[in-house]
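First the structure, in the form of structure tokens, and then the observations on it.
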Amino acid sequence: MLDLKFIRENVEKVKEAVKNKNEKTDVELILSLDEKRRSLLSEANELKHQRNVVTEKIAQMKKAKQDAKEEIERMRKVSDQIDSLDKELKEVEEKIASLLLTVPNVPHSSVPIGFDEDLNVVVKTWGEVPKFDFEPRPHWELGQILGILDLPKAAKVTGTGFLVLTGKGAKLQRALINFMLDLHSNKQGYKEILPPFMANRQSMTGTGQLPKLEEDMYLCEKDDLFLIPTAEVPVTNLHRDEVLKAEELPIYYTAYTACFRREAGAYGKDTRGMIRVHQFDKVELVKFVKPETSYEELESLVKDAEEVFQLLKLPYRVRVLCTGDLSFAAAKCYDIEAWAAGVGKYLEVSSCSNFEDFQARRMGIRFRPKEGGKLQYVHTLNGSGVALPRTMIALLENYQTKQGTIIVPEALRTYMGGLEEIK
RNA sequence: GGAGAGAUGUCCGAGUUGGUUUAAGGAGCACGCCCGGAGAGCGUGUAGGGCUUGAAAACCCUCCUGGGUUCGAAUCCCAGUCUCUCCGCCA
């Protein structure tokens with residue numbers, strides 16, 4: 001959420017952000033409501049002041065055993081006026097508040113302007129794309145040959161868009177999760193969190209999934225709880241409505257969770273195998289930082305996620321998202337995309353974003369600067385470190401052999417009981 | 001699910017016969033003094049938001065949330081949320 005005052009003072013900037021992000025919020029409407037709000041406010045203020053003054057006078061008179069009937073009668077009328085002004089004010093404020101939730105964050109000046117993902121810019125490529133002297137198989141074939149991925153059984157249990165890992169496949173995924181969590185928590189200094197996989201409306205609004213993305217999430221109606229689409233939700237909300245100490249910052253968290261997405265509207269896209277599924281595992285990175293450091297923190301966040309692929313020796317590239325592809329709440333975002341030899345394309349495995357104070361304002365996460373002065377909103381960042389199914393895809397497809405077996409990357413072997421090859 | 005207790009500022013914690021209590025006291029933090037250094041000690045300051053403004057003052061709002069009673073509510077009434085204790089149920 002943007003500051004109403006900021007919108008008032010940066011109308012053009014905000015309108016441009018709305019346009020460049022392909023949103024359609026009526027900024028002018030917000031401004032006119034804001035004007036109305038302020039005039040109602042000053043009117044009500046004046047009456048309230050009057051009431052406060054006379055009320056005290058009444059108290060004095062009562063103490064002195066004087067008759068205050070006349071004043072009381074007068075204030076009764078004033079109170080009625082205040083009531084009706086307050087009611088009107090409340091309506092206006094509610095309208096503003098709900099409109100404010102539909103204003104997207106303003107992209108950082110370094111973000112390329114563009115309509116959609118075709119205008120994202122590759123800023124880095126790492127590793128050699130493997131060459132095979134045979135036709136590399138896609139992961140669903142490898143999974144079936146090796147008996148580690150069973151899509152028909154998943155369809156039986158749940159329906160399309162789910163997967164069942166079995167045997168070495170399940171073990172490989174668990175190894176990856178442990179490997180990532182250990183990397184982030186032991187080496188990179190993130191505190192490990194195991195949060196709920198469900199979250200309430202307030203949390204979803206805090207991180208910005210609501211109100212816009214309600215249709216993309218699974219809702220348990222009886223309890224009005226959502227299955228989380230990412231660990232970002234529960235982990236960032238950990239500090240909702242808190243004032244953090246300056247010396248606590250920066251705070252780094254890492255969390256493994258399952259993630260649930262309805263993928264409404266994505267039908268027909270990446271339906272094969274496990275590229276796009278309704279439930280997947282992910283290890284997430286979340287940061288709470290001081291505003292002046294958030295862009296350095298974004299760079300280091302990306303590096304921390306990249307290290308996963310470097311240690312696994314999986315080739316990848318990093319793209320900076322253009323305005324049109326940037327999510328609603330983000331000011332800047334890098335995608336990490338791993339090369340998958342079997343399907344022959346780069347797959348998005350991590351999205352690392354700086355939200356600046358956009359989420360913090362919604363959630364009320366502030367800190368007291370050491371130098372004194374007013375409370376400030378923290379900046380929040382998060383990124384996948386990283387998403388499991390697509391990393392599995394990259395691993396299986398890049399490490400496959402002609403015989404259809406999989407060489408286990410060295411970094412994972414201790415997590416696989418020393419296993420060197422899945423066959 | 002049943003019974004009870006509670007929710008106050010950055011934190012802890014007073015205040016519930018309605019009326020200079022936005023709120024005592026303590027901790028923390030900031031500044032200053034003291035000190036060979038560290039520590040301790042002493043003094044001063046310190047809620048958030050809105051509105052206004054060059055900046056401020058003034059003013060308004062906020063004692064979990066939302067309603068209500070009243071000239072006036074942290075204090076009274078109703079509903080809800082959360083926390084704790086006990087009982088029941090259960091992985």
Side-chain angles (χ1 to χ4, degrees), chain A residues 1-9 30-101 194-206 210 220-226 234 237-251 288 290 357 360-378:
Chain A
M1 176 165 68
L2 293 177
D3 187 7
L4 188 51
K5 207 183 275 177
F6 176 88
I7 298 177
R8 208 186 295 149
E9 286 161 9
I30 294 176
L31 291 174
S32 69
L33 284 170
D34 177 43
E35 215 161 294
K36 183 158 184 206
R37 167 183 151 264
R38 282 184 290 158
S39 81
L40 284 169
L41 201 59
S42 68
E43 204 179 332
N45 259 4
E46 206 164 305
L47 291 173
K48 281 178 184 172
H49 176 50
Q50 205 186 104
R51 181 175 71 184
N52 287 345
V53 170
V54 177
T55 278
E56 205 175 311
K57 189 174 159 204
I58 292 171
Q60 301 295 339
M61 291 172 81
K62 289 235 167 174
K63 240 179 220 167
K65 304 234 188 289
Q66 291 173 348
D67 182 23
K69 235 179 193 157
E70 202 178 303
E71 268 71 20
I72 290 176
E73 197 48 48
R74 197 148 62 86
M75 283 310 103
R76 191 169 286 158
K77 280 180 193 141
V78 171
S79 274
D80 284 349
Q81 266 179 290
I82 291 174
D83 269 1
S84 76
L85 279 174
D86 271 351
K87 258 183 202 128
E88 208 178 332
L89 192 60
K90 203 182 149 194
E91 269 173 41
V92 173
E93 278 179 340
E94 273 168 8
K95 263 186 217 160
I96 292 175
S98 70
L99 278 170
L100 228 38
L101 289 180
L194 185 55
F197 291 6
M198 298 178 124
N200 58 28
R201 237 164 236 287
Q202 209 182 343
S203 297
M204 288 297 175
T205 307
L210 290 179
C220 302
E221 281 186 42
K222 273 188 185 166
D223 301 291
D224 205 31
L225 289 173
F226 293 89
N237 275 282
L238 248 29
H239 291 297
R240 175 149 46 83
D241 295 319
E242 286 185 12
V243 176
L244 303 169
K245 293 195 177 103
E247 59 268 27
E248 287 181 86
L249 300 173
I251 295 172
F288 302 83
K290 291 183 189 170
D357 62 6
R361 183 171 293 107
R362 284 187 176 209
M363 278 186 281
I365 308 180
R366 295 173 296 176
F367 74 102
R368 189 177 299 284
K370 188 98 178 121
E371 320 76 59
K374 289 199 144 198
L375 296 185
Q376 281 183 42
Y377 289 108
V378 300

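Just so it is clear, the structure is predicted and the values come from calculations on it, not from any experiment. Here is the naming used below: chain letters follow the sequence lines, and residue numbers restart at 1 for every chain.
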Between B/G15 and B/C63, how far is it from one C1' atom to the other, in whole Å?
-> 10 Å
P gap between B/C35 and B/A30, integer Å = 22 Å
Closer than 4.0 Å, any side-chain N/O of A/R368 to the OP1 or OP2 of B/A47?
-> no
In whole Å, what is the span from the CG atom of A/D80 to the C1' atom of B/U70?
-> 12 Å
Partner nucleotide of B/A7 by Watson-Crick or wobble geometry (both distances under 3.5 Å) = B/U81
Pair partner, B/U22 [Watson-Crick or wobble, under 3.5 Å] | none
Roughly how far apart, to the nearest Å, are B/A73 and B/U21 at atom C1'?
-> 12 Å
Base-pairing assignment for B/G54 (Watson-Crick or G-U wobble, both under 3.5 Å) = none
Between B/U10 atom P and A/L375 atom CG, what is the distance in whole Å?
-> 7 Å
5′-ward residue of the pair A/V243/A/M75 relative to RNA chain B = A/V243
Under 3.5 Å, side chain of A/R362 to main-chain N/O of A/T205, donor-acceptor pair present?
-> yes
Ignoring the backbone of A/A59, work out which of B/G19, B/C60, B/C51 is nearest its side chain.
-> B/G19
Euclidean distance, atom NZ of residue A/K62 to atom C1' of B/G72 [Å, nearest integer] | 10 Å
Quote, to the nearest angstrom, the C1' distance that separates B/G43 from B/G36.
-> 23 Å
Side-chain contact check for A/K90: nearest option of B/U52, B/G66, B/G19 is B/G66
Qualifying residue, where the test is side-chain contact (heavy atoms from CB on, under 4.5 Å) with A/L100 and the options are A/L2, A/L33, A/I7 | A/I7
Which part of the nucleic acid, if any, lies within reach of A/I58 when heavy atoms closer than 4.0 Å are counted: base, sugar-phosphate only, or nothing?
-> base
Rounded to whole angstrom, note down the C1' distance from B/U8 over to B/U16.
-> 12 Å
Pairing of A/E93 and A/K90 as salt bridge, 4.0 angstrom limit | no
Answer yes or no: does a side-chain N or O of A/N52 lie under 4.0 Å from OP1 or OP2 of B/G72?
-> no
In the structure shown, which nucleotide is the Watson-Crick or G-U wobble counterpart of B/A74, with both distances under 3.5 Å?
-> none
For B/A91 and B/A79, measure between their P atoms and round to the nearest Å.
-> 34 Å
Short side-chain N/O contact to B/G19 OP1/OP2 from A/R51, under 4.0 Å | no
Salt-bridge contact A/D34-A/R38 (side-chain N to carboxylate O under 4.0 Å) = yes
Which part of the nucleic acid does A/K245 contact within heavy-atom distance under 4.0 Å: base, sugar-phosphate only, or nothing?
-> nothing
Can you tell me the Watson-Crick or wobble partner of B/G43, both distances under 3.5 angstrom?
-> B/C31
Between A/D357 (side chain) and A/Y377 (backbone), is there a donor-acceptor pair under 3.5 Å?
-> no
Quick one: A/R201 CZ to B/U65 P, roughly how many Å, whole number?
-> 21 Å
Below 4.0 angstrom from OP1 or OP2 of B/G49, is there any side-chain N or O of A/R366?
-> yes
Look through every strand shown and name the nucleotide pairing with B/C63 as Watson-Crick or G-U wobble, where both distances are under 3.5 Å.
-> none
Distance check: side-chain N/O of A/K5 vs OP1/OP2 of B/U53, anything under 4.0 Å?
-> no
Does OP1 or OP2 of B/G72 have a side-chain N or O of A/R76 closer than 4.0 Å?
-> no
Look at all strands and tell whether A/K57 reaches a base, only sugar-phosphate, or nothing, counting heavy atoms closer than 4.0 Å.
-> nothing
Select from A/S42 and A/V53 the residue whose nearest nucleotide in RNA chain B is closer to the 5' end of that strand.
-> A/S42
Give the rounded distance in Å between these two atoms: CD1 of A/I82 and C1' of B/U70.
-> 13 Å
Mind checking who B/A91 pairs with, Watson-Crick or G-U wobble, both distances under 3.5 Å?
-> none
Sort out the partner of B/U17 for me: Watson-Crick or G-U wobble, both distances under 3.5 Å, none otherwise.
-> none
For A/L47 and B/G72, give me the distance from atom CG to atom P, rounded to whole Å.
-> 13 Å
For atom CD1 of A/I365 and atom C1' of B/U10, their distance in whole Å = 16 Å
Taking the same atom, C1', in B/A47 and in B/A74, what whole-Å distance lies between them?
-> 15 Å
Taking everything shown except A/E248 itself, do over 12 heavy atoms lie less than 6.0 Å from its CD?
-> yes
Please test A/I30 against A/L4 for side-chain contact (heavy atoms from CB on, under 4.5 Å), starting from the C-alpha separation and ending with a verdict.
-> CA-CA 9 Å; A/I30 294 176; A/L4 188 51; 3.8 Å; yes
Integer angstrom distance from the C1' of B/U81 to that of B/A27 | 30 Å
Atom-pair distance (CD on A/Q60; P on B/U20), nearest Å | 9 Å
Verify, without hydrogens or angle tests, whether A/R37 (side chain) and A/V92 (backbone) share a donor-acceptor contact under 3.5 angstrom.
-> no
